[in-house]
Amino acid sequence: MLGGPEAEAFRARPAVTGCAIILRSHIGHKRADRKLSANADDRLDHVKRSPPMCGRYRLTRRRLAEIEQYYGIDDTAGLEVCERQFNIPPREMAPIVLGAKGRRRLMAGLWSLMPPWAEALEHVNKVSTFNAKAETLLQRPSFRNAFLKRRCLVPAEAFYEWVGPKGKKQPLNIARRDGKLLSMAGLFSFWKPASSKGRPLLTFTVVTITPNRWMSRIHDRMPVLLQDDEVDVWLNPAVSDPDRPGSFLKAPPEDFLESHAVDKNLLNSGLIDAPECAADTGVDYEPLLRTRA
DNA sequence: CCAGACGTTGTT
DNA sequence: GTCTGG
DNA sequence: CCAGACGTTGTT
DNA sequence: GTCTGG
């Protein structure tokens, strides 16, 4: 797997882009239909549209071999469309681990879950679906069936989180203390427009939970980070405790993670995808952390 | 019943 | 498709 | 997630 | 303020 042709394709991404660019050109192309829902949106004053958490992370190609080894991947597909590595934002393509039928596949997916009834990719510009709250997975039409039947892993070297007041936001790199890969709990779907005869688009979301004590200094949500022995259970719903399907949706141990400051000029815009995004700037962010109640 | 939403969490 | 709001 | 834009026409 | 783009 280490030096296979697909691995090569993954490393040497083509100059001419694939789906990602096509997707981007589709998303946001049509805006006329927003007028139709404007009145309805105005009435939803209890549903605020705001940025969710866990909205940026890192997964680099140089660790592909480790990814394959760590998850026991026996097949990879379409990874060349994953353009981002060091600074991956929502609605970009990124690799996820599917565990269907005992096989572990690493496939490129769009970071924003498309529900089956969505008519067009613009859906993800109207309804935020790149995070899903663990507490309400069974209640949300957008996530319920995916939670019951279509779970995945979202592998990450680190995720980024911001601390401090608006205008002075300081990004932090949050990773495992032991240096291993993070396994964020995810849900996936294969989506295509009703009229389309093309190949469906794989899409995914990252499940979030209330944070542990360590993480609560930084934020009031965190991604569900599966422990090594929870990965199989998550991927295979049939094995999950049927009475408490979400019993392993919990925050990790207090000593699981570590953090360091990263360059806000590189991270904040979302445009830059460079190796330096991971570098510790040495900035003292302690004063920016939340004071616990 | 029909119409319309369907989602996240920060900040003041 | 399924749920909520009216 | 944050940064940065924020617009129009017609027609079926 | 709210949406899109990356």
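Residue numbering restarts at 1 for every chain, and letters A, B, ... go by the order of the sequence lines.
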[X] has an atom [atom1]; how far is it from atom [atom2] of [N], in whole Å?
X         : N       : atom1 : atom2 : answer
Gln139(A) : dC6(B)  : CD    : C1'   : 13 Å
Leu187(A) : dT8(B)  : CG    : C1'   : 14 Å
Lys166(A) : dG4(D)  : NZ    : P     : 15 Å
Ile218(A) : dG10(B) : CD1   : C1'   : 16 Å
Leu288(A) : dT11(B) : CG    : P     : 12 Å
Phe204(A) : dT8(B)  : CZ    : P     : 16 Å
Leu148(A) : dT2(C)  : CG    : P     : 12 Å
Ile209(A) : dT8(B)  : CD1   : P     : 12 Å

Can you tell which of [options] lies closest to the side chain of [X]?
X         : options                 : answer
Pro141(A) : dC3(C), dG10(B), dT8(B) : dC3(C)
Trp117(A) : dT8(B), dC6(B), dG6(E)  : dC6(B)
Arg140(A) : dT8(B), dT4(E), dT9(B)  : dT8(B)
Lys169(A) : dG5(E), dC2(D), dG1(C)  : dC2(D)
Phe143(A) : dG7(B), dT9(B), dG6(E)  : dG7(B)
Thr136(A) : dT4(E), dT8(B), dG10(B) : dT8(B)

Quick one: closest heavy-atom pair of Phe188(A) and Cys152(A), and the distance?
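Smallest interatomic distance, heavy atoms only, reads CD2-CB, 3.8 Å.
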
### Query
Do you know which two heavy atoms are closest between Ala94(A) and Tyr57(A), and how far apart they sit?
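Distance-wise, the nearest heavy atoms are CB-OH, 3.2 Å.
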
Less than 4.0 angstrom between a side-chain N/O of [X] and OP1 or OP2 of [N], yes or no?
X         : N      : answer
Lys133(A) : dT9(B) : yes
Asn125(A) : dG5(E) : yes
Ser128(A) : dT9(B) : no
Thr129(A) : dG7(B) : no
Asn268(A) : dA3(D) : yes

Taking any heavy-atom pair under 4.0 Å as a contact, classify [X]: base, sugar-phosphate, or nothing.
X         : result
Pro115(A) : nothing
Pro116(A) : nothing
Thr208(A) : sugar-phosphate
Asn145(A) : nothing
Ser142(A) : sugar-phosphate

Using modelled atom types only, decide if a donor and an acceptor are shared between the side chain of Arg56(A) and the backbone of Leu267(A) within a distance under 3.5 Å.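 Side chain of Arg56(A) to backbone of Leu267(A): a pair is present.
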
Looking just at side-chain N and O atoms, do Thr203(A) and Ser189(A) make a donor-acceptor pair shorter than 3.5 Å? yes

Among side-chain atoms of Tyr70(A) and Ser183(A), is any donor-acceptor pair under 3.5 angstrom?
->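 No.
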
If you measure from the [atom1] atom in [N] to the same atom in [M], how many Å do you get, rounded?
N      : M      : atom1 : result
dT8(D) : dC2(B) : P     : 35 Å
dT2(E) : dG7(B) : C1'   : 15 Å
dC3(E) : dC6(B) : P     : 12 Å

Under 5.5 Å between ring centres and under 30° between planes: does that hold for Trp162(A) against the base of dC2(D)?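 No, aromatic ring not over the base.
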
- Query: Does Arg221(A) pair with Glu135(A) as a salt bridge, N-O distance under 4.0 Å?
  - Reply: yes

Any strand counts, and the cut-off is 3.5 Å on both contacts for Watson-Crick or G-U wobble. Which nucleotide pairs with dC3(E)?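 Because both required distances fall under 3.5 Å, dC3(E) counts as paired with dG4(D).
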
Item checked: Base dG5(E) to side chain Arg91(A), donor-acceptor N/O within 3.5 Å cut-off ->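 Check passes, donor-acceptor contact within cut-off.
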
*asked:* Does Arg151(A) qualify as a cation-pi partner of Phe147(A), given the criterion of NZ or CZ under 6.0 Å from the six-membered ring centre and within 45 degrees of its axis?
replied: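 Yes, Arg151(A) sits over the ring of Phe147(A).
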
